[in-house]
2 protein chains.
Amino acid sequence: MSERPSSSSSNPPNTPSQEHPAVAVDVVIFMIREGRLQVLLVKRRYPPFEGRWAIPGGFVHIDESLEDAARRELREETGVEDVYLEQLYTFGRPDRDPRMRVISVTYFALLPAGEIDVRAGDDAADARWFPVDDLPPLAFDHREIIEYALTRLRYKLEYTDVGFQLLPAEFTLTELQRAYEIVLGEQLDKRNFRRKILQSRILRETGRLRAGEGRPARLYEYRSDVRLQVKARRLFP
Amino acid sequence: MSERPSSSSSNPPNTPSQEHPAVAVDVVIFMIREGRLQVLLVKRRYPPFEGRWAIPGGFVHIDESLEDAARRELREETGVEDVYLEQLYTFGRPDRDPRMRVISVTYFALLPAGEIDVRAGDDAADARWFPVDDLPPLAFDHREIIEYALTRLRYKLEYTDVGFQLLPAEFTLTELQRAYEIVLGEQLDKRNFRRKILQSRILRETGRLRAGEGRPARLYEYRSDVRLQVKARRLFP
DNA sequence: CCGCCTTAGTGTTCAGTACACACTATATTA
DNA sequence: TAATATAGTGTGTACTGAACACTAAGGCGG
């Protein structure tokens, strides 16, 4: 980037101050399970906050990009590759880690609904899913990070097509609507929902049906090739 | 944050890998000048990219928050305090700085239109404003950063009230409309613009007038106490 | 096998907002 | 005082959002 050093020496400053912050990557992993929006947490095996729940994360390796580090963490806890991942925010309060200065670049991931066997990483004693509205006490500023991720997810859900990332490849319109209702925390109108989503041409009917308790439902798949244009309602004309 | 170390030792990992990235903060500073949207660039005094233009930035001090570091950079180049500042994105490609691994946490700032005397910091040979649509070759990945900041600014302009940060305390409706037109790069309808903005109650008439070539215009000020609610046009009902 | 239960699927009306569009008002200046 | 320049104002039309209830199709139990 640029290189004004911490100490304002008058020599060409080619290195930063000796003591610089550590850089960690933490990932808020969302999934719809049991009809609720849940996040994956790991139980810390070592101090600080030993025994507390935390979002998965770790230090970034010297030769990997930030996103690669986030994907590595994701893979270590869940085994999944190729899921939706987006940078969220970088948290850097000097006192956010009691041991030392740590900058945390946070990401959020969306996993498609379905069964995933989570595994605790080396430094975790356990790994579990928790509903976002029923979280245990968390380590560091991780609650703040999850709240922020949730705000962003809800926001993006309303004006982008990111919500499809929470569903498996094939789904019914009712399942899609449920996913939206679960994340947004409000009921949606069935006819308006279906009309609008079908008009958007973002779904393709697969031709298959899913049998269930009542009338079988048509199955659809997400057309990632259709670039969805959603205009924000403009503040000014 | 969390502390999986780079090396997967089996001991309690209380420190990150010895070698960790440096953390820099870079700030894209926007201002409307001479009827165009401009950014402040500094000319690098030292390698790498010696003599090239770059956005102002530097390494974060060990005991200051990221935002404090950004405000410090801003103050060093422009002398301003208390202006709009928002975290943009964190860039971390391993090869983005040829010297070493550097993570750049970027911010963007909006300065109110008016005269500002910019000063080159210690490690800069010069500091100048450049129109965003006429940038010189830039150091590092700074062009990408500016493009990203511009996208975000235009986007936020349409659905938040962030645009007022580009205007001085008192302004006419025509000046406000011009600011929007300059940033968005398109013409807006005068009557629709005025109706919508006055309906929003976000402006207060100061009672003063600004004389000029034609009929004097009423002066307004921004009411930061009015929380502006702008709903995005929802993808789904 | 048929009636009941359960979920899927479908249109219309009303209200609010977006957008297009042209003239009058008030000051300065020649 | 006439010309020029900018400020300020209202209406009609088209579209989009929101509210709302019934029919269709399959499964299951009597």
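Protein chains get the first letters and strands the later ones, always in sequence-line order, with residue 1 at the start of each.
- Judged purely by atom type and a 3.5 angstrom limit, R52(A) uses its side chain to pair as donor or acceptor with the backbone of L138(A).
- In terms of phosphate contacts, T174(A) brings no side-chain nitrogen or oxygen within less than 4.0 Å of OP1 or OP2 of dT7(C).
- Protein atom CG of L209(A) is 13 Å distant from nucleotide atom C1' of dA24(D), rounded to whole Å.
- Going from atom CD of Q177(B) over to atom P of dA7(D) covers 10 Å, rounded to whole Å.
- Across the helix from dC1(C)-dG30(D) to dA30(C)-dT1(D), the helix axis at one end is tilted relative to the axis at the other end by 0° (nearest 10 degrees, each axis from five pairs).
- For the pair R210(A) and E170(A), the salt-bridge criterion is not met [side-chain N within less than 4.0 Å of a carboxylate O].
- We find that CZ of R208(A) is positioned 18 Å from P of dA8(C), with the value rounded to whole Å.
- At whole-Å resolution of the value, CD1 in I197(B) and P in dT17(C) are 17 Å apart.
- Proximity of residues 212-220 of chain B to DNA chain D (heavy atom under 4.0 angstrom from any strand atom) is restricted to E213(B), G214(B), R215(B), P216(B), A217(B), R218(B).
- Remark: the R195(B) side chain and the dT11(D) base include a donor-acceptor N/O pair separated by less than 3.5 Å.
- Distance, L176(A) CG to dA8(C) C1': 15 Å, rounded to whole Å.
- Judged by distance alone, with hydrogens and angles left aside, the side-chain atoms of D189(A) form a donor-acceptor pair with the main-chain N or O of N192(A) at under 3.5 Å.
- Between Y159(B) and Y155(A), the ring planes lie tilted relative to each other; the angle falls in the 30° to 60° range.
- Residue K196(A) places at least one side-chain N or O closer than 4.0 Å to OP1 or OP2 of dG17(D).
- Using modelled atom types, one finds no donor on one side chain facing an acceptor on the other under 3.5 Å when comparing E221(B) with T206(B).
- The structure places CD1 of I182(B) at 9.5 Å from CG of L166(B), a figure rounded to the nearest 0.5 Å.
- Ion pairing of R71(A) with E67(A) is present here, as a side-chain N (NZ or NE/NH1/NH2) and a carboxylate O approach within less than 4.0 Å.
- Take the nearest nucleotide of DNA chain D for A211(A) and for K190(A): the residue whose nucleotide is more 5' is K190(A).
- The pair E77(B)-R119(B) fails the salt-bridge criterion, with no side-chain N (NZ, NE, NH1 or NH2) lying under 4.0 Å from an Asp/Glu carboxylate O.
- Donor-acceptor pairing under 3.5 Å, judged by distance alone, is absent between the side chain of N192(B) and the base of dA18(C).
- Separating the CZ atom of F193(A) from the C1' atom of dA8(C) is a distance of 14 Å, rounded to the nearest angstrom.
- A centroid separation of 6.0 Å or more is found between the aromatic rings of Y220(B) and F171(B).
- What separates CZ of R191(B) from C1' of dG12(D) is a distance of 12 Å, to the nearest Å.
- With rounding to whole Å, R210(A) atom CZ is found 17 Å from dG26(D) atom P.
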